[in-house]
Undergrad: 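Structure in structure tokens, see below.
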Amino acid sequence: MIDKKIIWGVLLLCTMIFASCSNDGKVVFIQGEEPVGIDPNAPIQPLKDKAKFKIGAAVKFTTLQGDAKYKDAVLKNFSQITAEFEMKMATIWGSTSYNWTAPDNLVNFAKDNNLEVHGHTLIWYNSFPDWFKNQQNDSVAFEAKVKVYIKDVVGRYKGKVKSWDVVNEVFADGGALRDETVIKPIFKDPIGFYGRCFQYAREADPDAKLFYNDYSVVIDAGKRAAIKKMVARFKAKGYPIDGLGDQFHYSVNTNRQVMTTGFTDLASTGLLIHISELDIKVNVNKSDSYFFSDEEAQKQADTYKYIVEMYETLPQNQKFAITTWGVTDKYTWLTEAWNPKEYPLLFDIDYSKKAAYVGFLAGLK
Ligand code: G3I
């Protein structure tokens, strides 16, 4: 009969269990090769139950349909969803007639599962369909067609989609207008066009919250200044805007003081603030031999916790949602856009909650 002490000793040697406790005293287990996340038996409070604002995730409807664990993770942990691509112009208006199948599926899924939907995104230079771009519209014709599109889309989901990214990513790094080939060549005053797009959305659904969304906002002072100038112009012209989104595609190395200074400046607008596409890169050097160690996982958890604590410093009336851009490392856009060895989200590829989840939870008040 092997002595029990030997069995325990062998067990402990077999797994390098690194246990750390989050603020709420729960234990986080990170084991051996890859952080496998939290001990499945540890009672971890779902984010959506603790948060005093929406906890969102970008989702793909086909994955919700095809992957039961993905759907389960969404339903148990999130209170809002954003369509990763189903509600973009390229999907709805891919040809001259609308295709409502994908957005309807997603909105119906949300309704059936008591989830809010954040509409993403009505106007994005990157999502205008080729057939529309090739029409060579002048500014009057272009705007007339976009006005109908906005009214048709926002009108269709009136009362079902509670908020919209009306316009996405119009400024380049530093704050100059982005040198894209769709709107800038057509309009002498692109900002005026964008302001009227907010007007069209408001007219289609007076109750929907209307956002401008961009990336690197809190770390790029020039871009943030341009956004604030646009907001001031909108207000002076009577164009409606309710909120600003920073996508927060950051990393464990993103300078925290810079982030905080920029976040405070963004909050000074008094608008709703949406952390709209949060994911935290760990493989910062895009190394093909990167190893997501326990220490790396803990750095990521600390970064999530820092960002959530920063968000919690907002007055309650400026809190809208924190949305992660995806659910699990299994499907993150970053494995293609950044490096195959990237683990930016709250759930690992087996849908175990990672230390990042506990870090996020610990940051919530
Ligand atoms: O579903 C179709 C499939 O049927 C088809 O065979 C395939 C090849 O054409 O395309 C599939 O659709 C792709 C879709 O993702 C779903 O995978 C689109 O081509 C592809 O363009 C789309 O990429 C999305 C991208 O935005 C462009 O819409 C990414 O998933 C999405 O993560 C990314 O998200 C953006 C935000 O909207 C704005 N901020 C940056 C962020 C990352 O780029």
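No experiment lies behind these values; they were computed from the predicted model shown. All ligand and atom numbering here is 1-based and tracks the order in the structure.
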Undergrad: Looking at the rings of Phe142 and Phe132, which for Trp means the six-membered one, are their centres under 6.0 Å apart?
TA: yes
Undergrad: For residues 252-285, pull every pair meeting ring pair (Phe, Tyr, Trp, His ring centres under 6.0 Å), keeping only residues two or more places apart or in separate chains.
TA: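 Of all non-adjacent pairs touching residues 252-285, those that pass ring pair (Phe, Tyr, Trp, His ring centres under 6.0 Å) are His118-His274, Phe211-His274, His274-Phe320.
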Undergrad: Is there any protein N/O under 3.5 Å from an N/O of ligand 1, and what does the full list of such pairs look like?
TA:
from     : atom 1 : to     : atom 2 : distance (Å)
ligand 1 : 26 (O) : Lys88  : NZ     : 2.8
ligand 1 : 28 (O) : Lys88  : NZ     : 2.8
ligand 1 : 30 (O) : Glu84  : OE2    : 3.4
ligand 1 : 32 (O) : Glu84  : OE2    : 2.5
ligand 1 : 32 (O) : Trp325 : NE1    : 3.0
ligand 1 : 34 (O) : Trp325 : NE1    : 3.3
ligand 1 : 37 (O) : Lys88  : NZ     : 2.6
ligand 1 : 37 (O) : His120 : NE2    : 2.7
ligand 1 : 39 (N) : Glu169 : OE2    : 3.0
ligand 1 : 39 (N) : Gln247 : OE1    : 3.2
ligand 1 : 39 (N) : Gln247 : NE2    : 3.4
ligand 1 : 39 (N) : Glu277 : OE1    : 2.8
ligand 1 : 39 (N) : Glu277 : OE2    : 3.3

Undergrad: Could you pull out all residues at least two apart from Asp288 that satisfy side-chain hydrogen bond (donor to acceptor under 3.5 Å, both in side chains)?
TA: Asn339
Undergrad: Holding to side chain to side chain contact (heavy atoms under 4.5 Å, CB included), I want the full list of residues that pass it with Lys111, two or more places apart in sequence or in another chain.
TA: none
Undergrad: Does the ring center of Tyr212 lie less than 6.0 Å from the ring center of Phe198?
TA: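 No - the distance between ring centres of Tyr212 and Phe198 does not fall below the 6.0 Å cut-off.
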Undergrad: Start with the C-alpha distance between Asp130 and Lys133, add both sets of side-chain angles, then the distance that settles salt bridge (charged side-chain N to carboxylate O under 4.0 Å, His left out), and finish with yes or no.
TA: CA-CA 5 Å; Asp130 289 342; Lys133 287 190 285 191; 3.5 Å; yes
